[in-house]
There are 2 protein chains.
Amino acid sequence: MAILIAILKIIEYRYTIKKFDIDLYLGVVAIIFTGIGIWTGIQLLKRKEQKEGITHTNEAFDQTHVNHSDKVLLSEREKEVLLSMSEGLSNQEIADKLFISIHTVKTHSSNLFSKLQVKRRTQAIQKSKELGII
Amino acid sequence: MAILIAILKIIEYRYTIKKFDIDLYLGVVAIIFTGIGIWTGIQLLKRKEQKEGITHTNEAFDQTHVNHSDKVLLSEREKEVLLSMSEGLSNQEIADKLFISIHTVKTHSSNLFSKLQVKRRTQAIQKSKELGII
DNA sequence: AAATTACTCATACTAAAGTACCAATTCATA
DNA sequence: TATGAATTGGTACTTTAGTATGAGTAATTT
């Protein structure tokens, strides 16, 4: 804001161009500040994307790093749940298949997610295939 | 440009606010057009990035499309969403990645699910891998 | 015997996913 | 020019997924 005001002051040669059409001056101001706006917008969006990019690469790094250092050991039941997930089954369908309640399936899910260090079943599927668990 | 001029004309109540400080008027014009500029800049950048994204996916698409059946025909965008799904991204993350709203991601999701005749994203991932779409 | 691990089930939540509508824009094509 | 496909965005809603927490049981290990 301070910069904008400063620029406005610098441009303020309107006393010298008073003889010119005031419309022309306004048009120039409008165009200049449109340009400033465009530039600002691009800068803002760039910064936002950079932050997201850093976050993503960090996540990707963590995943691949853990792959080599930790041997992820899932229990039998967790592996069964994970396998069923990769087949596209819902929690309820997995529960029916394994003759357990949906609550138990959710417990196994949550546990295997934290063991695999993922947040969603789709990530678990992808990661477990990378690790050769499935 | 025509729009800018038109807006300028609409704003042109300077005859009525002549009694007010001309600096105030200029400040308002500057702020408004800065806002317009920011918006324009964001829109321009969005469009640019989207074109780049499509180019990339087209390259990837050409590699896989030749090899496999076109019985299930997904649109470009649907394939992009599907691929992102298989990478374990949430709808919100896909939206951010493709520079579209989460609503649009859901629309694409729902459409590709019915095209693949599945009910969940996990099934879509499994089936599309069977079909060689991914 | 005590501790640990795996498995089970539950409640009560929040978050995400998915569906069903609708509507506007763009773009290629009949 | 009109028509349809693709893309985008929205509201409102239901369903599923996921988290946090607690707790009981059986088997194994220390």
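Only a predicted model underlies this, so the values are computations on that prediction, with no experimental measurement involved. Naming convention: chains lettered A, B, ... in sequence-line order (proteins, then strands); numbering from 1 in each chain.
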Cluster overlap B:L131 with B:F113, hydrophobic side-chain contacts below 4.5 Å: yes
query: Quick one: are A:R120 and B:R121 in side-chain contact, heavy atoms under 4.5 Å?
result: no
Take atom [atom1] of [X] and atom [atom2] of [N], then tell me their distance rounded to the nearest Å.
X	N	atom1	atom2	answer
A:D96	C:dC9	CG	P	12 Å
A:H103	C:dA10	NE2	C1'	6 Å
B:I94	C:dA17	CD1	C1'	11 Å

Show me the protein contacts with nucleotides 4-7 of chain C, counting only N or O atoms at under 3.5 Å.
| unit_1 | atom_1 | unit_2 | atom_2 | d |
| --- | --- | --- | --- | --- |
| C:dC7 | OP1 | A:R77 | N | 3.3 |
| C:dC7 | OP2 | A:S75 | OG | 2.3 |

query: Is A:S110 reaching over with its side chain to a backbone N or O of A:K106, donor-acceptor style, under 3.5 angstrom?
result: no
- prompt: Should the pair A:E130-A:K127 be classified as a salt bridge under the 4.0 Å nitrogen-to-oxygen rule?
  reply: no
- prompt: Could B:E93 and A:K119 be called an ion pair, given the rule that one side-chain N must be under 4.0 Å from one carboxylate O?
  reply: no
query: When you check every protein heavy atom under 4.0 Å of nucleotides 16-30 of chain D, what one-letter string (B, S, -) results, 5' to 3'?
result: -BBS-----------
- prompt: Looking only at side chains, do B:S86 and B:K129 share a donor and an acceptor under 3.5 Å apart?
  reply: no
- request: Not counting sequence neighbours, which residues clear side-chain hydrogen bond (donor to acceptor under 3.5 Å, both in side chains) with B:T107? List them please.
  value: none
message: Distance check, rounded to the nearest 0.5 Å: A:K79 atom NZ versus A:L73 atom CG?
response: 6.5 Å
